[in-house]
Amino acid sequence: MQTEARVTVAGGFSADSGPRKYTSSAIHRRPQQQQQQMGTISNLLAGGVAGAVSKTCTAPLARITILFQVQGMHSDVATLRKASMWREASRIVYEEGVKAFWKGNLVTIAHRLPYSSISFFSYERYKNLLQLVPGLDKHKDYVSADICLRLLGGGLSGITAASITYPLDLVRTRLAAQTNQIYYRGISQSLYAICRDEGMRGLYKGLGATLLGVGPNIAISFSVYETLRSRWQLERPHDSSVLVSLACGSLSGIASSTVTFPLDLVRRRMQLEGAAGRARVYNSGLFGTFSHIIRCEGCRGLYRGILPEYYKVVPGVGIVFMTYEILKSYLSVSTV
């Protein structure tokens, strides 16, 4: 107990220079702070690992989605009409091997961990700043102010994380879009090749479409999830909370994917502009790319690859939820 009694506390006073009561409060306050910090680290680690596991399990569907999204860049419309998930999956197995379903997955995992970390910490910082805005400072008293605070904080944290980690997302797209001809090999070689061929700006191709989709994605996911969850619990209060979260999370993911998928498709195509020395297809920015796709492929072209995207939403949400809860419970027990 003597070593604990001599701990120096805030303000520069030694614990044995004051009353015994002050020593006790200082000793008890430090474990609480350490527990809070460990809880934050546990949540962050559990969320990052859960995201990585989910991405790995659904990587085959994610790669098929990307391949469908970028097919219209260098293919004629007649070829596109023959495309199907089964035919594309068979082609990958026959021409590239089963391992090719996980092309770019290592970059996805490398992207996921810093993205989760930056999102988590920036969300808390943005919430603290937004609470200084008149109207939002009453978020504890009004539900609408609280929802607005969460949406704005989530949107800003998503934009921050997406901007900082965007080069890894671009590398992932280029690795996943490669079929028979291999130009990019690994993360470091890809980053070097892009900077060499296209300059530093090449690492941020399609960033505008990404940032434009962050806000709507979070807003739709949040509003659909909360609406469905509250309605479900009101009508069926005795249902399992795990089942409710899984079902509502899956439906909110489908809703947000449906609305923001055209932006995601445009982002992928802009990420591949000039890749591996190929000719540029779109030269008129974000909105010019939209009009070019509609003109050449019709409105259906904006939803090319939406089916495998839907297929990976439900298992993706389920795996994230399950892995997160398992890791969180394990880490909380191990840190006690």
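- Y184 pairs in a side chain to side chain contact (heavy atoms under 4.5 Å, CB included) with only one of the listed residues (V171, I194, L191), which is I194.
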Evaluation steps, salt bridge (charged side-chain N to carboxylate O under 4.0 Å, His left out), between E88 and R91: CA-CA 5 Å; E88 188 61 31; R91 185 203 63 77; 2.9 Å; yes
Could you please spell out the steps behind the salt bridge (charged side-chain N to carboxylate O under 4.0 Å, His left out) verdict for D146 and K127? CA-CA 10 Å; D146 186 57; K127 274 208 320 181; over 6 Å; no
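- Checking side-chain atoms of S230 against main-chain N and O of T227 turns up a donor-acceptor pair under 3.5 Å.
- For the pair F101/I64, a side-chain contact is recorded, criterion being any heavy-atom separation below 4.5 Å from C-beta on.
- Using a 4.5 Å heavy-atom cutoff, the side chains of E273 and T289 are not in contact.
- The two atoms that bring W102 and P60 nearest to each other are CZ2-CG, 3.7 Å, heavy atoms only.
- Using a 4.5 Å heavy-atom threshold, the side chains of L203 and C195 count as touching.
- R269 and E297 are joined by a salt bridge, as a carboxylate oxygen and a charged side-chain nitrogen come within less than 4.0 angstrom of each other.
- With contacts defined as side-chain heavy-atom distances shorter than 4.5 Å, the pair F121/S157 does not qualify.
- Put simply, L272 and Y282 are part of the same group of oily side chains (I, L, V, M, F, W, Y) that touch within less than 4.5 Å, one to the next.
- One distance of note links CD of Q271 with CD of Q69; it measures 9.5 Å at 0.5 Å rounding.
- Applying the 6.0 Å contact sphere to CZ of R201 captures no more than 12 heavy atoms from other residues, nucleotides or ligands.
- When all heavy atoms are compared, the tightest approach of G206 to R267 is O-CG, 3.8 Å.
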One pair to check against side chain to side chain contact (heavy atoms under 4.5 Å, CB included): Y225 and L251. What are the steps and the verdict? CA-CA 8 Å; Y225 179 81; L251 290 172; over 6 Å; no
Go through the steps to decide whether R63 and E96 satisfy the test salt bridge (charged side-chain N to carboxylate O under 4.0 Å, His left out), and finish with yes or no. CA-CA 13 Å; R63 187 171 183 229; E96 306 175 58; 3.2 Å; yes
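- The shortest distance between side-chain heavy atoms of I92 and L67 falls below 4.5 Å.
- Counting only N and O atoms by type, the side chains of T58 and Y311 include no donor and acceptor under 3.5 Å apart.
- Hydrophobic clustering, defined by side-chain heavy atoms of Ile, Leu, Val, Met, Phe, Trp and Tyr closer than 4.5 Å, groups I164 together with I118.
- For V259, the side chain to side chain contact (heavy atoms under 4.5 Å, CB included) partners are I220, not counting sequence neighbours.
- The line from CD of Q233 to SG of C248 is 8.0 Å long, rounded to the nearest 0.5 Å.
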Kindly determine whether V244 and R236 satisfy side chain to side chain contact (heavy atoms under 4.5 Å, CB included), including the steps that lead there. CA-CA 10 Å; V244 174; R236 302 174 64 93; over 6 Å; no
For R174 and E198, run salt bridge (charged side-chain N to carboxylate O under 4.0 Å, His left out): C-alpha distance rounded to whole Å, both residues' side-chain angles, the deciding distance at 0.1 Å, then the answer. CA-CA 14 Å; R174 297 204 175 183; E198 306 163 53; 2.6 Å; yes
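- Closest approach of I182 and K103 over heavy atoms only: CD1-NZ, 3.7 Å.
- Put simply, the side chain of T160 reaches to within 4.5 Å of the side chain of Y126, judged on heavy atoms.
- Without hydrogens or angle criteria, S54 side chain to A50 main chain gives no donor-acceptor distance under 3.5 Å.
- Under the 4.5 Å side-chain contact rule for hydrophobic residues, F68 and L61 share a cluster.
- Note on ring orientation: taking the six-membered ring where Trp is involved, the planes of Y166 and Y204 are parallel (angle under 30°, cut-offs 30° and 60°).
- Among all heavy-atom pairs drawn from P216 and T260, the shortest one is CB-CG2, 4.2 Å.
- Judged purely by atom type and a 3.5 angstrom limit, S291 uses its side chain to pair as donor or acceptor with the backbone of G288.
- Put simply, CD1 on I218 and OH on Y123 are 9.5 Å apart, with the number rounded to the nearest 0.5 Å.
- In this structure, CD1 in I293 is found 5.0 Å from CG in L265, a value given to the nearest 0.5 Å.
- Hydrophobic clustering keeps Y192 apart from L170 (ILVMFWY residues linked when any side-chain heavy atoms are closer than 4.5 Å, directly or through intermediates).
- Expressed to the nearest 0.5 Å, how far OG1 of T108 lies from CZ of R172 amounts to 3.5 Å.
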Please assess I109 against K55 for the test side chain to side chain contact (heavy atoms under 4.5 Å, CB included), listing each intermediate value before the final yes or no. CA-CA 7 Å; I109 294 172; K55 293 288 185 182; 5.5 Å; no
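- Considering only heavy atoms from C-beta on, L211 comes within 4.5 Å of S163 through its side chain.
- The line from OG of S245 to CG of L228 is 11.5 Å long, rounded to the nearest 0.5 Å.
- Other residues, nucleotides and ligands place more than 12 heavy atoms under 6.0 Å from the CD atom of E95.
- For the pair A162 and Y115, the tightest heavy-atom approach, listed with the atom from each and the gap, is N-CE1, 3.6 Å.
- Grouping the Ile, Leu, Val, Met, Phe, Trp and Tyr side chains by contacts below 4.5 angstrom, directly or via other members, places M270 with L212.
- Taking each heavy atom of Y310 and I254 in turn, the nearest pair found is CE2-CG2, 3.8 Å.
- Transitive grouping of hydrophobic side chains (ILVMFWY, heavy atoms separated by less than 4.5 Å) keeps L151 and V224 in distinct clusters.
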